[in-house]
2 protein chains.
Amino acid sequence: MGFAETFKALADPVRRDILTMLRDRRMSAGEIGSHFDMTGATVSYHLNILKKAGLLFEEKEKNYIFYSLNTSIVEEVMVWLADLRGNTETGASEGGNCDEKNKG
Amino acid sequence: MGFAETFKALADPVRRDILTMLRDRRMSAGEIGSHFDMTGATVSYHLNILKKAGLLFEEKEKNYIFYSLNTSIVEEVMVWLADLRGNTETGASEGGNCDEKNKG
DNA sequence: TAGGTATTTAGAAATTTTTCTAAATACCTA
DNA sequence: TAGGTATTTAGAAAAATTTCTAAATACCTA
């Protein structure tokens, strides 16, 4: 999947707003779009980028397509950031490149 | 400061590589640049974007400028993502908009 | 001061992203 | 089937990003 796509998806304010809107419940493409001052086509473009990044699930029902948040991808990003930051609390290392092995 | 700048900074693979390189030690602009197949000017452009996003500290010494990671901004991003994900373990809510208050 | 190394700034070209309008697809209802 | 609603796709225009070369700045050494 790749972090490139995921971070790029998160880099746009419209797309972050969409994700926030989906925090507690799924919403249809139209309902999502009604919160923005842009065409449905543009909203669809943003939804597609989020979907390709793995950040959204979609369910088709009747005439609608409902989107919801894929929190597992959110967690993957958090893990990447946690590794970047380094392990501040425990002192344990989790696969980053601390110099422990080169010490002696 | 704003998440827009921070997430945009994180969205580029070159810039994520730079941050990863700075995980355990500071490096000069030149040393950072030597890891990439691009001009110093381009590296400087990327460093500037990371700096404006608050992700880097810089220290001038002699002829050099040393860059290091600002982990507090990394943590801010993690907090934003944790809020987006929702509190999976504790069940407590931390300022998101769960519907608790509208229940009765 | 003169010359050298490290880094940034300026300006332009190439690429990517964002947005729109118009048209297409899909599915539902009568 | 005909007509309607919801959403996406296509193509083009506008804006932003990334990269380069060339020049500027800054500071160090002799």
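Below, chain A is the first sequence line, B the second, and so on; all start at residue 1. Note: hydrogens, waters and symmetry copies are ignored here, and every other heavy atom, side chains too, is used.
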message = Which label fits B:Phe3 and B:Trp80: parallel for a plane angle under 30°, tilted from 30 to 60°, or perpendicular past 60°?
response = tilted
ask   = Could you give the CD-to-C1' distance, from B:Glu61 to C:dT7, as a whole number of Å?
value = 15 Å
ask   = Should A:Lys62 be listed as having a side-chain N or O under 4.0 Å from OP1 or OP2 of D:dA6?
value = no
message = Categorize B:Lys8 for me: base, sugar-phosphate, or nothing, with a 4.0 angstrom heavy-atom threshold over every strand shown.
response = sugar-phosphate
DNA chain C: 5'-proximal contact among A:Arg15 and B:Tyr64 (nearest heavy atom) = B:Tyr64
query = Think B:Thr42 has a side-chain N or O under 4.0 angstrom from the OP1 or OP2 of D:dT19?
reply = no
ask   = How long is the line joining CG of A:Asp12 and P of C:dT17, in whole Å?
value = 11 Å
Spacing of B:Glu5 atom CD relative to D:dA16 atom P, expressed in whole Å = 14 Å
task = With DNA chain D as reference, determine whether B:Met38 or A:Asn48 sits nearer its 5' end, using the nearest nucleotide of each.
result = A:Asn48
query = Can you tell me how far P of C:dA6 sits from CZ of B:Phe66, to the nearest Å?
reply = 11 Å
key: Minimum-distance nucleotide to A:Asn63 side chain [options: D:dT18, C:dC27, D:dT7]   = C:dC27
query = Between C:dT17 atom C1' and A:Lys52 atom NZ, what is the distance in whole Å?
reply = 12 Å
ask   = Would you say a side-chain N or O of A:Thr39 is under 4.0 Å from OP1 or OP2 of C:dC20?
value = yes
remark   = D:dA14 -> Watson-Crick or G-U wobble partner, both distances under 3.5 Å, gives C:dT17
ask   = When you measure from the side chain of B:Ala41, which nucleotide among C:dT18, C:dT9, D:dT8 comes out closest?
value = C:dT9
task = May I have the distance from A:Leu50 (atom CG) to D:dT8 (atom P), rounded to whole angstrom?
result = 12 Å
message = So A:Ala29, base contact, sugar-phosphate only, or nothing? Heavy-atom distance under 4.0 Å.
response = sugar-phosphate
query = Which of the following nucleotides, D:dT19, D:dA10, D:dA26, is nearest to the side chain of B:Tyr45?
reply = D:dT19
ask   = Can you tell me if the side-chain N/O atoms of A:Tyr67 get under 4.0 Å from OP1 or OP2 in D:dT8?
value = yes
message = Side chains of A:Met27 and A:Leu22, heavy atoms from C-beta outward: is any pair under 4.5 Å?
response = yes
key: Distance (rounded to the nearest 0.5 Å) between B:Asp12 CG and B:Asp17 CG   = 9.0 Å
inquiry  = If I take atom CG from residue A:Leu50 and atom CG from residue A:Leu56, how far apart are they, to the nearest 0.5 angstrom?
reply    = 4.5 Å
Any B:His46 side-chain N or O less than 4.0 Å from OP1/OP2 of D:dT19 = yes
remark   = Winner on side-chain proximity to B:Leu47, out of D:dA6, C:dA22, C:dT8, is C:dT8
message = What contact category does A:Gly30 fall into here, base, sugar-phosphate, or nothing, at under 4.0 angstrom with non-hydrogen atoms?
response = sugar-phosphate
key: Gap between atoms NZ and P, on A:Lys51 and D:dT7 respectively (whole Å)   = 12 Å
key: Ionic contact status for B:Arg26 with B:Glu61, cut-off 4.0 Å   = yes
Distance in angstrom units between A:Ile49 CD1 and C:dT17 P, rounded = 7 Å
ask   = Applying a 3.5 Å limit to both distances, which nucleotide forms a Watson-Crick or G-U wobble pair with C:dA30?
value = D:dT1
query = Taking only N and O in the side chain of A:Ser28, is any of them less than 4.0 Å away from OP1 or OP2 of D:dT7?
reply = yes
ask   = If we call it a pair only when both distances are under 3.5 Å in a Watson-Crick or G-U wobble match, what pairs with C:dT7?
value = D:dA24
ask   = Do NZ/NE/NH1/NH2 and the carboxylate oxygens of B:Lys52 and B:Glu5 come within less than 4.0 Å?
value = no
